[in-house]
Amino acid sequence: MMLYELAEIQMRFGSFTALDIDSLTLHENTACALLGPNGSGKTTLLHILAMLKRPTSGLFRFMGEAVVWREKRLLPLRRKVVLVDQHPIMFSTTVLNNVAYGLKIRGEARSAQKRIVMECLDRVGMSGFAARPAHRLSGGETQRVAIARALACSPRVLLLDEPTAGVDIENQVVVEKIINDLCSEKNMSILFSTHNPLQAERLSRRKVFLSAGRLAAPDTANRFLVKALKEKGIMELMTNMGNFSRIAPVGSFISIDPEKIRIYAKGHGNQGCHTSRLPAKVLQMNADTDRIRVVLDVCDGTGDGCGIQLTAIAGAEEIRHTHIIPGDTVQLAFDTDATVINYGKDSRKPPVKEPISYEK
Amino acid sequence: MDFLTQSLAEAFTMLVSLDPELYFIVWVSLRVSLMSTLIASAMGIPLGFLIAIRHFRGKRGVITLLNTLLALPTVVIGLFVYALLSRQGALGHLGLLYTPAAIVVGQVILILPWVAGFTVSAVSRIDERYRRTAMTLGAGPLQTAIAILREARFGILGSVIAAFGRVISEIGIAMMLGGNIKGFTRTMTTAMALEHNKGEFVLAVALGIVLLAVSLAMNILLQVIQGWYGEDR
Amino acid sequence: MMRYFFKFFLVIFSLVTATPMNTASAESRIITMSTTTSTEASGLLDYLLPEFYADTGITVRAIAKGTGAALRDGMDGNVDIVFVHDEEREKKFVEDGFGTKRYYVMYNDFVIVGPKNDPAKIHDAVDSAEAMRKIAKARTPFISRGDDSGTHAREKQLWVATGLPLNRHGEPIDGRGWYFAIGQGMGPALVMAGEKDGYLLSDRGTYLHYKYGRAQGYDPEVIYEGDDMLKNPYGVIPVNPERFSHVNNDLAETFARWLVSERGQEVIGSYQLHGHPLFFPDARKGQ
């Protein structure tokens with residue numbers, strides 16, 4: 001079942017557009033990481049997903065239901081989602097009362113409250129802290145209690161805003177382990193934001209990248225001005241690969257997800273110049289734990305490197321199979337969702353080639 | 001010097017001997033002031049809360065107005081309420097003038113801006129995350145409001161205590177609206193003014209001591225509360 | 001800790017709210033009277049009202065003010081009866097229909113108080129007007145109540161009697177530097193006269209109180225007394241129920257009649273302040 005379906009969601013503050021998402025779908029019971037630099041709109045998106053902030057415009061569906069942004073209608077939906085803030089704040093009372101808050105609100109019986117609270121504190125390893133004043137815990141302890149407080153509400157969706165920011169190293173490991181354990185939880189989806197790609201890798205199955213409020217390709221190294229690509233004659237090649245649903249204006253940028261670039265050794269599979277593949281030269285290869293980062297120079301029509309550098313990240317196994325070494329000429333293919341157009345600040349978003357459709 | 005020490009000595013004798021007139025005056029004062037504080041709080045705290053959390057046009061103006069009303073002299077309020085409660089006034093038929101209730105009406109007007117104004121600043125100081133946290137944990141609008149008020153409780157309580165200290169020590173309203181009727185509306189401050197008029201000092205000094213003691217107690221209470229507040233943060 | 005604290009407050013608040021504010025219930029017999037500060041400050045009311053209560057079971061709630069404000073309370077219908085000392089204004093009060101009838105109750109007298117050495121030499125003046133003229137001539141400090149009280153009204157009458165040029169407030173024109181209008185009650189005026197070595201017109205009661213009633217004593221003396229113009233008659237006037245239907249006229253009349261009765265007059269005459277009589281019974285036959 002679809003958990004969230006967002007279409008044309010915009011969040012504007014005055015003339016500033018904090019978030020502008022064409023289309024985003026999140027499935028149930030998966031762990032998803034939200035990546036992007038500071039100020040890219042991660043927190044805003046989380047607040048919208050938690051139904052704490054109303055987007056300025058757009059269609060927002062939660063668990064198959066179009067959300068009506070009226071307080072009375074929101075409350076039952078909001079009770080299925082809990083957001084844990086980046087720096088969670090504790091009510092100035094005991095840890096126990098903090099964790100019990102959601103249960104009290106829901107009118108849970110006192111005996112059940114106590115049991116659930118202790119269970120949840122146990123899961124984050126904080127059961128010894130029940131009687132402590134919650135607002136005097138350390139950052140890491142606070143984060144753990146905040147997660148317990150969220151879990152006590154038994155939400156369908158747990159949203160975590162930078163769960164390990166402001167947490168000491170030891171607690172970071174503990175918090176990651178808690179999240180990892182929760183991912184195997186049935187009937188609960190986890191969505192967390194982070195600016196640490198490795199953490200995202202460790203904890204999530206899906207990654208969503210945000211840049212300047214828009215969905216983006218992850219690595220800013222693979223960001224090209226369309227005008228430059230046109231001059232080198234590469235834009236034409238890329239358009240032929242059929243990756244773009246919209247026309248990319250000259251003033252806009254194209255980002256290519258490094259993890260969604262497939263590398264084929266020349267002569268492997270298709271001989272010569274394949275229309276849906278882009279020739280490139282391998283400049284450099286770096287091992288990054290179990291993955292390899294490959295720096296490539298895209299070839300223009302003449303077959304020489306034209307100075308446009310592209311980074312691809314692939315599993316070590318996958319690269320080993322291709323037997324490529326630096327200096328080789330290879331062929332690149334992009335996954336269908338590898339490219340994202342980043343419209344420049346001034347350029348207006350062009351119309352969609354084919355209208356985006358969603359169920360009414 | 002002799003005069004002062006003698007007055008003090010007699011005043012203490014009066015206090016220790018539990019002089020009924022003295023303690024009745026103290027009782028009237030405490031009762032009227034507590035009542036005013038209670039009513040002003042019941043009105044001012046929700047009002048201040050709403051002003052603090054709602055965004056509306058002219059919000060700054062309302063806050064400025066509240067701050068201006070803080071400086072309203074008691075005699076101005078006394079005069080205004082007198083005109084209202086006098087038999088010739090709009091509410092004259094209630095027959096409230098020269099009763100403790102009239103003093104309460106005036107004092108509520110005096111401290112309502114205090115309680116509301118300080119509640120506004122106490123609630124505004126509360127971290128935005130409390131509201132978000134309460135909401136995301138499933139709280140409805142009222143429950144969210146309670147959670148925020150709970151976090152602002154020390155600041156609000158401080159303002160209530162300050163308001164009480166203001167009414168118990170004010171004289172203009174008590175004199176103009178209460179009329180300083182013996183055994184009925186004579187409060188500590190109006191009794192002291194009368195004793196001064198009479199040229200008597202013993203009762204006035206004794207009442208002064210009680211008033212100081214009450215102020216001291218209120219300030220200690222405020223300190224203790226602020227102490228908790230400081231620790232709790 | 002907090003919990004107990006809040007409970008403590010709850011108990012106090014419920015205690016306060018549980019006791020009724022205005023104890024006047026339907027059957028309690030209470031009247032409200034506006035009177036002058038002199039009757040209250042002299043202690044007469046504390047002596048008189050309990051006697052009245054013992055005889056009739058009626059409680060009189062007294063609000064002490066200047067005569068002007070006391071009459072004003074009657075004119076606004078805020079009280080049931082007024083007990084003041086300004087014959088002219090009292091008569092007008094009745095004429096204008098605010099009161100039913102003015103009863104002569106008692107009088108006390110004013111005295112001119114000043115420094116022992118009598119710098120303006122007023123002791124042997126032929127009448128009070130000459131005494132005031134001498135003060136003005138010598139330019140010794142004179143403390144005026146300046147508060148629209150009965151005493152202040154009397155001061156003004158005396159100034160008119162002197163024949164000296166007066167401004168529109170009834171103050172001597174060349175008063176700068178010696179004539180001080182302080183806008184306060186009798187007590188503060190007496191204290192200030194003592195501080196400034198000045199003269200002032202005082203009612204005898206307040207003066208006696210300051211002179212003999214206090215541990216710290218009071219230096220100024222009565223320098224001039226006894227003139228007819230210094231007599232200060234007190235009248236009591238029930239507020240007219242035809243004008244204000246809510247006033248408790250029955251009880252107010254009872255109080256007025258009690259004051260002028262033999263019993264009331266005896267109580268008034270027997271009141272002494274520090275061994276000196278203060279008020280002299282003044283009830284007229286057949287009133």
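In what follows, every chain begins at residue 1, and chains take the letters A, B, ... in the order their sequences are listed. Computed over heavy atoms, backbone and side chain alike; hydrogens, waters and symmetry mates excluded.
In this structure, NE2 in A:His87 is found 11.0 Å from CG in B:Asp127, a value given to the nearest 0.5 Å.
Annotation: B:Phe80, atom CZ; neighbour count of heavy atoms from other residues, nucleotides and ligands within 6.0 Å does not exceed 12. Within 6.0 Å of NZ on B:Lys59 lie more than 12 heavy atoms contributed by other residues, nucleotides or ligands. Other residues, nucleotides and ligands place more than 12 heavy atoms under 6.0 Å from the CZ atom of A:Arg206. Atom CZ of B:Phe12 has 12 or fewer neighbouring heavy atoms from other residues, nucleotides or ligands inside a 6.0 Å radius. For A:Lys114, the NZ atom sits in a loose shell: 12 or fewer heavy atoms of surrounding residues, nucleotides or ligands are nearer than 6.0 Å.
Residue contact with chain B, scored on non-hydrogen atoms closer than 4.5 Å, involves the backbone of A:Pro88 exclusively. With a 4.5 Å cut-off on non-hydrogen atoms, A:Val81 touches chain B through its backbone but not through its side chain. Heavy atoms of A:His47 lying under 4.5 Å from chain B belong exclusively to its side chain. Within the 4.5 angstrom heavy-atom criterion, no atom of A:Met51 approaches chain B. Contacts between A:Arg78 and chain B at a heavy-atom distance below 4.5 Å involve backbone atoms as well as side-chain atoms. For A:Leu83, the parts lying near chain B are the backbone and the side chain together; criterion is any non-hydrogen pair under 4.5 Å.
Here the side chains of A:Thr93 and B:Arg150 are in contact, with some heavy-atom distance below 4.5 Å.
Listed here is the closest heavy atom pair of A:Tyr101 and B:Gln143: OH-O, 3.6 Å.
Near-neighbour residues of residues 131-141 of chain B relative to chain A, defined by a heavy atom under 4.5 Å from a heavy atom of that chain, comprise B:Arg132, B:Thr133, B:Ala134, B:Met135, B:Thr136, B:Leu137, B:Gly138, B:Ala139, B:Gly140, B:Pro141.
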